[in-house]
Amino acid sequence: MSAVTQGPSAASGALTGLARALIQQGRLRADRAEALVRKASQSNSLFVDELVGIGESIGLSATAIARFAAETFGHPLFDLSAIDSEQLPKDTIDKKLVSSLRVLALRKRGNRLAVAVSDPTNYQALDQIKFQTQLALDIVVVEHDKLVRMIEAITQSTSQSLERLIDDDVSFEDLLAESPESEAEEAGSSAEVDDAPVMRFLQKLLLDAIGDGASDLHFEPYEKFYRIRFRVDGILREVAQPPLAIRERLVTRIKVISRLDISEKRVPQDGRMKLALTGQRAIDFRVSTLPTLYGEKIVMRILDPSQAKMGIESLGYDPDQREALVNAIKRPYGMVLVTGPTGSGKTVSLYTCLNMLNQPGVNISTAEDPAEIQLPGINQVNVNEKAGLTFANSMRAFLRQDPDIIMVGEIRDLETADIAIKAAQTGHMVMSTLHTNDAPSTLTRMSSMGVPGFNIASSVILITAQRLARRLCTCKQPAQLPPEAFLAAGFTQRDLDGTWQAFRPVGCDRCKGSGYKGRVGIYEVMPITEEIQKLILRNGSALEIGAQAAREGVRNLRTSGLWKVKQGVTSVDEVLGCTND
């Protein structure tokens, strides 16, 4: 467990203020206090937890400890039994901190938060709450046993209330109907009686992930807790810590729905599941399991087919970049390459292009590992290396299937690159991806694979490199930066003489305090002109190719990102973080 969730006793062996006060007033022996502090440190608990555990035997009940703390340190004493837990402010303090630090929010007024504690000298905990909430704290002392019971009751009621939050229209029925064998295996499980709440909890998580615009869900088991995180706008954030007791049942339900082997826990597995939101819309999830020290970790990638149908205008291409890309993909033959790191939106870009070309008179085939977005009218093949269905073998089969357009998920080796280039040279439009940092280095990467320069020059017609930058939320405010900061980022003096305004993130309820909501693409679109072809034939370096592209008006990733800053779409820091100079 991280240091954030540890109490001060767990962090060090020093006596707390409460322990010292009890010793000074003769209410607790020094050796016993030191023993309690050591025990708290070993068990990763708080001093007051251990004190209450033995308090009755030494004449210190939870009530007596609370009265002593309130009188000694000058804080009001409050009886938690007089308050309705349903009226307490929700989600003001992170649930993990509430449980581990024994701190409960009672009331929020303006920028002040009243919190209940049993040890008002737990300064490290109070500092963490101040940092997390950014509020001034009013300390109220309560009895420790009542505080623990209320925290547990709130946690339990939160879990139980999940089953009431699910829309009846949301179901997994279409996919479950396809997996009778998995259901039969599950029928013998002793946890079957409790499956309904677990299933509703899972549905609620998936709905929340879709509503938050998450791209991935992470289910992570550890020794003492179970964590669920969403990746939203490229950043992972924790959303839940369900009880350890439901860990196995939750994993089993996900594996059943995804048609995975629930009896196999020693090797990774890959599957797929579907969530039917309405009669017209369903969301696919790609499911991956991984055995870890304390159970199976599961990552679910959200695959929304509607993303590929939003139109190229919504992806963030500048008008001249969009025109160059559209002109390239509408040519009868040649190769268009999309490059960028994992998670940069390459698949959505390719499928947006394919959706534009998907007409009744066109035969489109794709080879992917695996097919992430399913589009009617396109023949999609899942690569299966174990069965011998590689990218290269798929390409060979496509060429015997009368294709017009071929999309290869990734060019990984010389064999695949060679077949793709021959297809582009013999009257087919070929699209694919590579993992390189920018557009010019894609050409040198193909050359290093062993592809002859004359084949690259005669087949590749356009390369687009891309990144995803977080889009500023509507709560953004003007950024007051010195001119030197803008010049260091890559702006020119002429840019600074303009009338545009840079903005910075602030944070609000809509963006959950991050200052960003959604993402926008940053692109480097490089057509392969005659001059660049000459450089390829001369085995020119990526720097030489990049310099020639710049002379021809191609904006690199940094320059394109700074253009988004001038438009008020994203911030300078975000562009600096996701692009290279």
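Starting from 1, each residue takes its place in the sequence as its number. Basis for what follows: all heavy atoms, side chains included, without hydrogens, waters or symmetry-related copies.
The salt bridge (Lys or Arg N to Asp or Glu O under 4.0 Å) test applied to E531 returns K534, not counting sequence neighbours. For D369, the side-chain hydrogen bond (donor to acceptor under 3.5 Å, both in side chains) criterion is met by R412, not counting sequence neighbours. Residues satisfying the side-chain hydrogen bond (donor to acceptor under 3.5 Å, both in side chains) criterion with Y317, sequence neighbours excluded, are absent altogether. In terms of the ring-ring contact (aromatic ring centres under 6.0 Å, His included) criterion, residue partners of Y222 (sequence neighbours excluded) are, by chain and number, F225. Shown here are the side-chain hydrogen bond (donor to acceptor under 3.5 Å, both in side chains) partners of S344, two or more places apart in sequence or in another chain: there are none. With sequence neighbours excluded, the residues that form a side-chain contact (heavy atoms from CB on, under 4.5 Å) with R229 are H218, E220, R227, L236, E238. Residues satisfying the side-chain contact (heavy atoms from CB on, under 4.5 Å) test with R504, not counting sequence neighbours, are Q477, A479, V506. Partners of R396 under the side-chain contact (heavy atoms from CB on, under 4.5 Å) rule, at least two apart in sequence or in another chain, are A392, N393, R400, E415, I419. Not counting sequence neighbours, the partners of A424 by the side-chain contact (heavy atoms from CB on, under 4.5 Å) test are M335, V430, S459. K422 meets the side-chain hydrogen bond (donor to acceptor under 3.5 Å, both in side chains) test with D418; sequence neighbours excluded. A search for ring-ring contact (aromatic ring centres under 6.0 Å, His included) contacts involving F491 returns F486, W500, not counting sequence neighbours.
Shortest non-hydrogen contact noted between P527 and I532 is O-CD1, 3.6 Å. The two atoms that bring Y351 and Q380 nearest to each other are OH-NE2, 2.7 Å, heavy atoms only.
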Let me have the donor-acceptor pairs involving side chains of residues 517-524, under 3.5 Å, with sequence neighbours excluded, atom names and distances please.
| unit_1 | atom_1 | unit_2 | atom_2 | d |
| --- | --- | --- | --- | --- |
| Y523 | OH | L315 | O | 2.9 |
| E524 | OE1 | A439 | N | 3.2 |

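A salt bridge is defined here as a Lys NZ or Arg NE, NH1 or NH2 lying under 4.0 Å from an Asp or Glu carboxylate O, and E296 with K255 meets this definition.
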- Task: Mind running salt bridge (charged side-chain N to carboxylate O under 4.0 Å, His left out) on D270 and R286 for me, showing each step along the way?
- Result: CA-CA 8 Å; D270 293 302; R286 191 180 73 198; over 6 Å; no

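The number of heavy-atom neighbours closer than 6.0 Å to NZ of K330, taken from other residues, nucleotides and ligands shown, is 12 or below. Shown here is R237, whose CZ atom has more than 12 heavy atoms of other residues, nucleotides or ligands within 6.0 Å.
For D573 and S571, the side-chain atoms include no donor-acceptor pair closer than 3.5 Å. For the residue pair D438 and S441, a side-chain donor N or O sits within less than 3.5 Å of a side-chain acceptor on the partner. Donor-acceptor pairing under 3.5 Å is lacking for the side chains of E544 and Q548. Donor-acceptor pairing under 3.5 Å is recorded for the side chains of Q425 and N455. A donor and an acceptor atom, one from each side chain of T579 and R558, are located under 3.5 Å apart. Side-chain polar atoms of T529 and E552 form a donor-acceptor pair below 3.5 angstrom.
No side-chain heavy atom of N327 sits under 4.5 Å from any side-chain heavy atom of R322.
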